[in-house]
Amino acid sequence: MQTAGLDFELGGDIEALRDAVRAFAQREIAPLADRIDRSDSFPMDLWPRLGELGVLGITVEEEYGGSGLGYLAHMIAMEEISRASASIGLSYGAHSNLCVNQIRRSGSAAQKRRYLPKLVRGEHVGALAMSEPESGSDVVSMRLQAQDKGGLYLLNGSKMWITNGPDADTLVVYGKTEPERGAGGITAFIVENGMRGFSVGRKLDKLGMRGSHTSELVFRNCEVPAGNVLGELNGGVRVLMSGLDYERAVLSAGPLGIMQSCLDVVTPYIHERRQFGQAIGQFQLIQGKVADMLTTLSACRAYVYAVGRNLDRLGNEHARTVRKDCAGAILYAAERATWMAGETIQILGGNGYINEYPAGRLWRDAKLYEIGAGTSEIRRMLIGREYFEETS
């Protein structure tokens with residue numbers, strides 16, 4: 001299956017990864033995409049197979065079972081999986097970046113040895129629990145409290161909109177260890193499904209990204225060992241904010257996969273669909289729409305891949321130097337993906353509006369990326385603020 005756009009010369013290892021992930025995703029995931037959406041079912045059997053493919057720990061060092069290929073490689077895998085199924089791509093990103101990469105970056109050697117191998121092999125599913133019912137964009141206003149009881153912490157509160165929440169075995173959870181200190185009193189913890197006091201609340205019925213389960217999580221005197229503090233005590237904001245930069249960068253490849261999937265739908269249709277005695281692809285207005293779609297995808301890929309290359313070049317401790325571009329890449333790609341899915345519906349006309357074709361699913365899935373990992377409005381605020389500070 002071809003991919004529209006330029007040859008971005010990714011390099012031998014990443015090209016080989018892309019080919020392997022694309023072949024797997026188109027063979028094993030794409031045929032299930034419609035069923036996953038309609039049934040809102042999470043294909044748990046995919047996880048160990050993705051582990052065997054080697055994509056669940058792309059940024060993880062080899063000593064913990066990963067491949068250590070870096071962020072651009074991670075983004076390429078995210079793109080190809082999302083091309084086959086955006087919902088599986090989203091769950092993949094939540095697992096491999098929001099959970100696995102946070103433990104890789106901030107965990108102790110003992111924590112990495114304990115948690116990363118099972119996550120990388122796909123024996124466990126990972127998640128990140130940050131947002132709360134009253135704490136979305138204003139994440140530091142979170143209310144979940146973690147009280148030090150000597151040797152363990154008791155977590156009390158709830159989390160909301162947690163991707164992979166109902167299915168996760170290992171979760172990175174943020175809570176207030178010293179609420180009076182505000183942002184300076186937040187700590188990250190590694191929580192295991194099965195710890196006393198932890199439970200999954202209601203599963204959310206979503207517009208799109210169905211099959212990537214999202215839920216509420218409930219903590220009632222949840223007992224977490226002190227050894228499961230991730231990073232420094234009361235240093236959670238640093239873990240959280242730097243993690244958001246990497247999250248935005250990696251997830252920006254999800255919209256790329258959706259845009260390519262839009263072209264996968266449109267390309268055969270403009271050849272096969274005939275009106276007024278000719279293929280609709282011969283009409284200039286259709287050609288103009290396709291030209292805009294192709295150009296948009298190439299522009300988004302160039303931006304997203306450039307951010308990935310810069311993260312790899314600068315190293316793990318320097319994400320802030322490209323913070324506004326991590327936000328910019330997902331801002332631009334997300335909004336263009338929603339537009340492109342809308343154009344796909346328009347080109348297919350009446351067929352685009354019925355569920356026999358995937359155009360509607362692509363639009364519903366694309367819209368999530370304008371909301372998750374910080375809304376488009378928050379991204380614009382961040383970019384403008386960073387630019388103002390840089391130029392002051």
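Both backbone and side-chain heavy atoms feed into the values below; hydrogens, waters and symmetry mates do not. Counting begins at 1 with the first residue of the sequence.
Side-chain contact between Pro358 and Ser261: absent, with no pair of heavy atoms (C-beta onward) separated by less than 4.5 Å. Residues Leu46 and Ile88 meet the side-chain proximity criterion, which asks for heavy atoms closer than 4.5 Å. Side-chain contact between Met340 and Leu362 is absent, with no heavy-atom pair separated by less than 4.5 Å.
Counting only distance, with no hydrogens or angles, the side chain of Glu28 and the backbone of Leu50 share no donor-acceptor pair below 3.5 Å. Listed for the Arg210 side chain is a donor-acceptor partner under 3.5 Å among the backbone atoms of Asp37. Looking at Thr295, its side chain does come within 3.5 Å of a backbone N or O of Ala291 through a donor-acceptor pair. With hydrogens and angles ignored, the 3.5 Å screen pairs no side-chain donor or acceptor of Ser85 with any backbone N or O of Ile81. Remark: side-chain polar atoms of Gln102 are not paired, donor with acceptor, to backbone N or O of Val172 under 3.5 angstrom. Judged by distance alone, with hydrogens and angles left aside, the side-chain atoms of Asp325 form no donor-acceptor pair with the main-chain N or O of Val307 at under 3.5 Å. A distance-only check finds a donor-acceptor pair linking the side chain of Lys159 to the backbone of Tyr174 [under 3.5 Å]. The backbone N or O of Gly374 lies less than 3.5 Å from a partner atom in the side chain of Arg379, making a donor-acceptor pair. Thr296 places no side-chain N or O within 3.5 Å of a backbone atom of Met293 that could act as its donor or acceptor partner. No donor-acceptor pair under 3.5 Å is formed between the side chain of Arg220 and the backbone N or O of Asn156.
A salt bridge links Lys324 to Glu390: at least one charged side-chain nitrogen sits closer than 4.0 Å to a carboxylate oxygen. Taking 4.0 Å as the cut-off between side-chain N and carboxylate O, Lys206 and Asp40 do not count as a salt-bridged pair. Comment: Lys367 engages Glu370 in a salt bridge, judged by a side-chain N to carboxylate O separation of less than 4.0 angstrom. Asp169 and Lys118 are not joined by a salt bridge, as no carboxylate oxygen comes within less than 4.0 angstrom of a charged side-chain nitrogen. Between Glu61 and Arg104 there is a salt bridge, with a side-chain nitrogen of the basic residue lying less than 4.0 Å from a carboxylate oxygen of the acidic one. A salt bridge between Arg114 and Glu192 is present, with a side-chain N of the basic residue lying under 4.0 Å from a carboxylate O of the acidic one. Comment: Arg18 engages Glu15 in a salt bridge, judged by a side-chain N to carboxylate O separation of less than 4.0 angstrom. With respect to Arg301 and Glu79, a salt bridge is recorded, a charged nitrogen being found less than 4.0 Å from a carboxylate O.
The heavy-atom pair separating Ala86 from Asp365 by the smallest distance is CB-OD2, 3.6 Å. Here the closest heavy-atom approach between residue Ser131 and residue Trp161 is recorded as CB-CE3, 3.9 Å.
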Exercise. Begin from the C-alpha positions of Asp292 and Glu343 and carry the test side-chain contact (heavy atoms from CB on, under 4.5 Å) through to its verdict.
Key: CA-CA 10 Å; Asp292 288 342; Glu343 287 293 271; 5.8 Å; no

Quiz item: Going through the checks in order, is the ring pair (Phe, Tyr, Trp, His ring centres under 6.0 Å) test met by Trp47 and His124?
Solution: CA-CA 8 Å; Trp47 240 240; His124 283 183; over 10 Å; no

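Sparse packing is recorded around CD of Glu9, with 12 or fewer heavy atoms of other residues, nucleotides or ligands lying under 6.0 Å away.
Glu178 is linked by a side-chain hydrogen bond (donor to acceptor under 3.5 Å, both in side chains) to Asn234, counting only residues two or more places apart in sequence or in another chain.
Hydrophobic cluster of Leu233: the remaining members, joined at side-chain heavy-atom separations below 4.5 Å, are Leu144, Tyr153, Leu155, Ile162, Leu171, Val173, Phe189, Val191, Met195, Phe198, Val200, Leu217, Phe219, Val224, Val229, listed by chain and number. Under a 4.5 Å side-chain heavy-atom cut-off, the cluster of Ile, Leu, Val, Met, Phe, Trp and Tyr residues that includes Ile383 is completed by Leu331.
Between Tyr71 and Tyr246, the angle of the ring planes stays under 30°, which puts this pair in the parallel group of the 30/60° scheme. Aromatic ring orientation, Phe276 versus Phe283: perpendicular (interplanar angle above 60°, classes split at 30° and 60°).
When each of Arg22, Gln26, Gln260 is checked for a side-chain hydrogen bond (donor to acceptor under 3.5 Å, both in side chains) with Glu80, only Arg22 meets the rule. If you run side-chain contact (heavy atoms from CB on, under 4.5 Å) between Cys99 and each of Asn164, Leu119, Leu128, only Leu119 comes through.
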